[in-house]
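See structure below.
All heavy atoms count here, side chains included; hydrogens, waters and symmetry mates do not.
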Amino acid sequence: MSEENTPEVELVQYEIMAIIEPNITDAQYKKHVSALKSMLKKDGAKITHEQEWGKREFAYTIKKLDSGFYVVINFIGDPSYIQQLEADLRITPFIIRHLIIKTPAGYEPPEYDLDAELEVAIDP
């Protein structure tokens, strides 16, 4: 089949928030974030933005844990790969929870300073 007859796949913007297990070293954490990005790239996704929120306490216990490392990654990818990505993330041992959302066209991810927001919430 020639390239001329191959239909062009329309890529879509997504955002994934993943929570990584908390009881690890800095080196293991960096390795896990790298593995998460590799998981996205292996299916042809192009990472456009990433932000690490650090270790945060949960509102309730998840899998017998009270905290985890939050990572937010924005990427552009083929919608047909999202179902497989979801399946891969469900069986990835270091990911406690994840959520993938489709973002609107032209979406610019905000930069959060969560530590500053916590200080404002604590100081009346």
Side-chain angles (χ1 to χ4, degrees):
M1 187 178 210
S2 71
E3 297 255 339
E4 295 172 12
N5 295 336
T6 305
E8 183 102 7
V9 175
E10 186 173 335
L11 300 179
V12 178
Q13 294 183 53
Y14 294 97
E15 181 173 274
I16 179 173
M17 176 182 278
I19 304 174
I20 297 173
E21 63 185 343
N23 304 323
I24 56 177
T25 65
D26 284 343
Q28 289 171 315
Y29 169 75
K30 289 176 183 173
K31 183 179 174 185
H32 291 335
V33 170
S34 179
L36 176 60
K37 291 192 280 189
S38 293
M39 214 182 290
L40 293 169
K41 291 177 184 176
K42 85 173 168 89
D43 289 329
K46 178 184 174 215
I47 295 174
T48 58
H49 182 263
E50 61 183 273
Q51 187 173 22
E52 298 176 20
W53 288 6
K55 191 174 184 178
R56 302 287 170 195
E57 296 293 320
F58 298 151
Y60 54 89
T61 302
I62 301 173
K63 296 184 179 181
K64 299 182 181 179
L65 298 169
D66 295 322
S67 64
F69 290 100
Y70 284 71
V71 178
V72 179
I73 300 174
N74 295 83
F75 64 97
I76 298 170
D78 184 342
S80 65
Y81 294 129
I82 297 301
Q83 189 173 9
Q84 182 60 48
L85 177 61
E86 288 272 2
D88 291 345
L89 289 168
R90 275 194 296 275
I91 62 171
T92 302
F94 62 84
I95 302 258
I96 299 169
R97 285 279 196 274
H98 72 278
L99 177 66
I100 300 174
I101 61 169
K102 188 162 111 174
T103 57
Y107 173 76
E108 290 294 326
E111 286 290 329
Y112 292 110
D113 184 357
L114 296 175
D115 292 326
E117 287 180 18
L118 288 174
E119 288 175 14
V120 170
I122 294 171
D123 294 334

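We find the OG-CD1 distance between Ser67 and Ile19 to be 10.0 Å, quoted to the nearest 0.5 Å. With rounding to the nearest 0.5 angstrom, the OG1 atom of Thr103 is 7.0 Å from the CD atom of Glu15. Between Ile100 atom CD1 and Ile73 atom CD1 the span is 10.0 Å, to the nearest 0.5 Å. Interatomic distance, Asn74 CG to Met17 CE, rounded to the nearest 0.5 Å: 10.0 Å. Summarising the geometry, atom CD1 belonging to Ile20 is positioned 13.0 Å from atom NZ belonging to Lys30; distances are rounded to the nearest 0.5 Å. Tyr14 OH to Ile76 CD1: the interatomic distance, rounded to the nearest 0.5 Å, is 11.0 Å.
You'll find the side chain of Glu21 stays beyond 4.5 Å of the side chain of Lys63, heavy atoms only. Counting heavy atoms from C-beta outward, Val12 and Ile82 have side chains that stay 4.5 Å or more apart.
Cluster annotation: Leu85 and Val33 are assigned to the same hydrophobic cluster (Ile/Leu/Val/Met/Phe/Trp/Tyr, side-chain heavy-atom contacts under 4.5 Å, transitive). The hydrophobic clustering, which links ILVMFWY residues whose side-chain heavy atoms are closer than 4.5 Å, places Ile47 and Ile95 together.
Not a single ring pair (Phe, Tyr, Trp, His ring centres under 6.0 Å) links Tyr70 to another residue, sequence neighbours left out. The salt bridge (Lys or Arg N to Asp or Glu O under 4.0 Å) test applied to Lys37 returns Glu50, not counting sequence neighbours. With sequence neighbours excluded, the residues that form a ring pair (Phe, Tyr, Trp, His ring centres under 6.0 Å) with Tyr29 are Phe69. Residues forming a ring pair (Phe, Tyr, Trp, His ring centres under 6.0 Å) with His32 (at least two apart in sequence, or on another chain): Phe94. Evaluation of the salt bridge (Lys or Arg N to Asp or Glu O under 4.0 Å) rule for Asp78 yields no partner, not counting sequence neighbours.
Sorted by first and then second residue, the side-chain hydrogen bond (donor to acceptor under 3.5 Å, both in side chains) pairs with a member in residues 85-96 read Lys42-Asp88, Gln84-Asp88, Glu86-His98; sequence neighbours excluded.
Taking both residues in full, the closest heavy atoms of Leu65 and Phe58 are given as O-CD1, 3.5 Å, listed atom of the first, atom of the second, then distance. Taking each heavy atom of Lys55 and Pro22 in turn, the nearest pair found is CE-CB, 3.6 Å.
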Next item on the list: Test side chain to side chain contact (heavy atoms under 4.5 Å, CB included) on Leu89 and Leu36 and set out the steps.
Entry: CA-CA 9 Å; Leu89 289 168; Leu36 176 60; 3.6 Å; yes
